[in-house]
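Have a look at the structure below, then the notes.
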Amino acid sequence: MPEGHSVHRLARQFTDVFGGRRIRTTSPQGRFTEGAARMDGQVLEAARAHGKHFFADLADGHVLNVHLGMYGAWSFGGDERFDAASSIGAPRRIGEREVHADGAAAAEPDRDDDGWVLPPPPVPTVRLRVRAEHGWADLIGASTCRLLTPAEASDVVAKLGPDPLNDDDPAPFLDLAGRTRRPIGTVLMDQAAVGGIGNIFRAEALFRAGLDPWRPSNDVPREVLRGLWSDNAELMREGVRLGRIVTTRPEHRPGVPAEQAWPEHANYVYQRQGSPCLVCGQDAIVVEEMAARKLYRCTVCQR
DNA sequence: TAACTATGCCAAG
DNA sequence: TTGGCCTAGTTAC
């Protein structure tokens with residue numbers, strides 16, 4: 001379920017917590033036993049993201065590649081040095097819904113004989129558990145979890161479109177979008193066209209641009225496509241900063257202070273069918289199906 | 001307790 | 001275009 005911003009946050013937290021450190025790895029579920037054995041005892045150099053793909057580079061040259069798919073999530077835990085290391089506020093869970101520690105002071109965690117923080121017993125579905133001295137991470141539900149060679153990892157990236165969060169050149173997206181007559185709503189979700197946009201950013205960016213998602217992509221002027229790219233980049237960067245997707249402008253959040261961290265009306269159209277549009281006020285937000293996914297739009301504002 | 005849903009993607013037809 | 005798949009939470013009965 002996570003869109004690109006979550007995966008970039010994940011890569012940052014991973015680098016903060018595990019980067020340059022020796023790790024121990026297991027696969028309690030048993031579906032990644034070989035990979036976990038190969039990773040075990042290595043130094044994790046750094047983690048990175050492209051679109052919705054996560055990569056972690058290991059000292060022996062192998063690359064851990066994870067795609068969370070629809071249901072994947074990472075859970076984290078650790079001691080005070082784990083909290084201090086995380087530049088994004090040490091979320092406890094990154095996946096379908098991000099969760100932070102509640103305010104209560106955490107008890108001093110248990111440690112093993114080597115003095116490493118001891119995680120709780122894993123739930124049976126943990127595909128991969130990563131431990132370092134000060135923190136740990138559990139992966140569940142991922143659609144992809146595998147070890148690649150650097151060449152294989154490059155191939156994965158090469159098949160993806162440019163990623164706004166990596167400051168990539170948008171030209172490949174503009175070119176592809178400019179020559180296909182598939183609906184612009186489909187093209188924005190196509191990971192080979194642009195990396196990291198999912199169902200929420202797709203719906204919200206098209207609303208903000210006043211574009212009908214069903215409009216043929218090659219009918220959208222290049223300058224408008226360029227605007228879609230930069231608006232998505234902005235929304236996704238804000239998503240990385242906040243750890244959640246907020247796409248409404250403050251003036252469209254009636255009665256909610258602009259600086260409020262968790263605004264009530266965070267989105268314009270996503271899952272707002274049947275509610276009045278925050279811009280035109282009409283009961284015009286509909287949900288339809290596009291390429292087997294829910295498509296939300298305002299029939300008044302988007303044409 | 002079962003049914004349903006979800007920010008995704010792939011392969012088969 | 002459809003079915004399958006990965007999992008957990010929420011809602012319905």
Side-chain angles (χ1 to χ4, degrees), chain A residues 1-11 27-33 35 49-54 65-76 91-99 120 122-129 137-146 155-161 163-165 182-183 185-208 213-214 232-233 235-248 262 266-274 287-297:
Chain A
M1 298 206 236
E3 306 199 14
H5 71 296
S6 297
V7 186
H8 280 261
R9 275 174 70 82
L10 171 65
S27 180
Q29 178 196 48
R31 289 185 50 183
F32 191 56
T33 305
H50 192 107
K52 299 169 188 167
H53 278 266
F54 168 92
N65 173 217
V66 172
H67 194 296
L68 293 174
M70 196 79 118
Y71 322 112
W74 286 91
S75 300
F76 293 87
R92 256 45 195 182
R93 187 182 175 90
I94 294 179
E96 78 286 3
R97 188 160 291 153
E98 200 162 291
V99 168
V123 296
T125 49
V126 172
R127 180 89 50 88
L128 171 64
R129 164 167 279 187
D138 281 350
L139 172 67
I140 59 161
S143 60
T144 299
C145 174
R146 59 189 176 184
D155 286 348
V156 171
V157 174
K159 291 193 175 101
L160 298 169
D163 182 345
L165 287 175
R182 293 151 64 213
T186 304
V187 173
L188 274 190
M189 288 269 283
D190 179 356
Q191 300 301 300
V194 48
I197 297 177
N199 205 12
I200 303 180
F201 285 126
R202 177 263 293 263
E204 295 295 309
L206 288 170
F207 177 89
R208 285 163 60 100
W214 295 98
N232 267 293
L235 292 174
M236 293 167 84
R237 269 190 219 106
E238 191 66 357
V240 171
R241 192 175 73 78
L242 296 174
R244 71 177 294 223
I245 299 175
V246 176
T247 54
T248 47
W262 307 92
N267 303 128
Y268 287 110
V269 291
Y270 178 71
Q271 287 190 342
R272 292 201 68 247
Q273 69 277 20
V287 56
E288 309 162 289
E289 199 135 295
M290 177 185 270
R293 302 299 301 279
K294 302 265 193 199
L295 170 71
Y296 303 86
R297 71 186 167 104

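A, B, ... follow the sequence lines: proteins, then strands. Residue 1 opens every chain. Keep in mind it's a predicted model, so treat the numbers as computed, not measured.
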**Message:** Nearest heavy atom decides the nucleotide; on that basis, is A:I245 or A:H53 closer to the 5' end of DNA chain B?
**Reply:** A:I245
**Prompt:** Given atom CE of A:M290 and atom C1' of B:dG8, what is their separation to the nearest angstrom?
**Reply:** 17 Å
**Request:** Rounded to whole angstrom, note down the P distance from C:dG3 over to B:dC4.
**Result:** 15 Å
**Prompt:** Below 4.0 angstrom from OP1 or OP2 of C:dT7, is there any side-chain N or O of A:Q29?
**Reply:** yes
**Request:** Mind running salt bridge (Lys or Arg N to Asp or Glu O under 4.0 Å) on A:E3 and A:R202 for me, showing each step along the way?
**Result:** CA-CA 10 Å; A:E3 306 199 14; A:R202 177 263 293 263; over 6 Å; no
**Message:** Within the 4.0 Å heavy-atom criterion, would you say A:E204 contacts the bases, only the backbone, or no part of the nucleic acid?
**Reply:** nothing
**Prompt:** C:dT7, C:dT2, C:dC6: which one has an atom nearest the side-chain heavy atoms of A:T125?
**Reply:** C:dT7
**Message:** Under 4.0 Å from OP1 or OP2 of B:dC9: is there any side-chain N or O of A:H67 that close?
**Reply:** yes
**Prompt:** Taking A:Q191 for the side chain and A:G161 for the main chain, is one N or O donor matched with an acceptor at less than 3.5 Å?
**Reply:** no
**Request:** Specify the separation, in whole Å, of atom CG of A:N65 and atom P of B:dC10.
**Result:** 11 Å
**Request:** To the nearest Å, give me how far apart CD (A:E289) and P (C:dG3) are.
**Result:** 12 Å
**Message:** Of the listed nucleotides (B:dA6, C:dC6, B:dG8), which one gets closest to any side-chain atom of A:Y270?
**Reply:** B:dA6
**Prompt:** Atom OH of A:Y71 to atom C1' of C:dA8: distance rounded to whole Å?
**Reply:** 10 Å
**Of the listed nucleotides C:dC6, C:dA8, C:dT2, the one nearest the side chain of A:A292** = C:dT2
**Prompt:** Is the backbone N or O of A:T247 less than 3.5 Å from a side-chain atom of A:R208, with the two atoms forming a donor-acceptor pair by type?
**Reply:** yes
**Request:** Scan A:R244 against the nucleic acid and name what it touches under 4.0 Å (heavy atoms): base, sugar-phosphate only, or nothing.
**Result:** nothing
**Fill in**
Value for CE (A:M290) from CE (A:M189), rounded to nearest 0.5 Å, stands at 9.5 Å
**Message:** Whether A:R293 contacts B:dG8 is assessed here as follows: a side-chain N or O lying under 4.0 Å from the phosphate OP1 or OP2. Is that the case?
**Reply:** yes
**Request:** Please report, rounded to the nearest Å, how far the P atom of B:dG8 is from the CG atom of A:L295.
**Result:** 13 Å
**Request:** Mind calculating the distance between CE (A:M70) and C1' (B:dG8) to the nearest angstrom?
**Result:** 6 Å
**Prompt:** Between A:N199 and A:K294, is there a donor-acceptor pair closer than 3.5 Å when you use the side chain of the first and the backbone of the second?
**Reply:** yes
**Message:** Can you classify the ring geometry of A:Y268 versus A:F207 as parallel (below 30°), tilted (30 to 60°) or perpendicular (above 60°)?
**Reply:** parallel
**Complete:** Looking only at B:dA6, C:dC6, C:dA8, the nucleotide nearest the A:K294 side chain is B:dA6
**Asked** What nucleotide among B:dA6, C:dA8, C:dT2 has an atom nearest to a side-chain atom of A:Y296?
**Response** B:dA6
**Item:** Distance, rounded to the nearest Å, where A:R146 contributes CZ and C:dC5 contributes C1'
**Value:** 15 Å
**Item:** Rounded P spacing from C:dG9 to B:dC9 in Å
**Value:** 22 Å
**Message:** Taking 4.0 Å as the cut-off, does a side-chain nitrogen or oxygen of A:T144 come that near to OP1 or OP2 on B:dC9?
**Reply:** no
**Request:** Round to a whole Å and report the spacing from CG of A:D190 to C1' of B:dG8.
**Result:** 13 Å
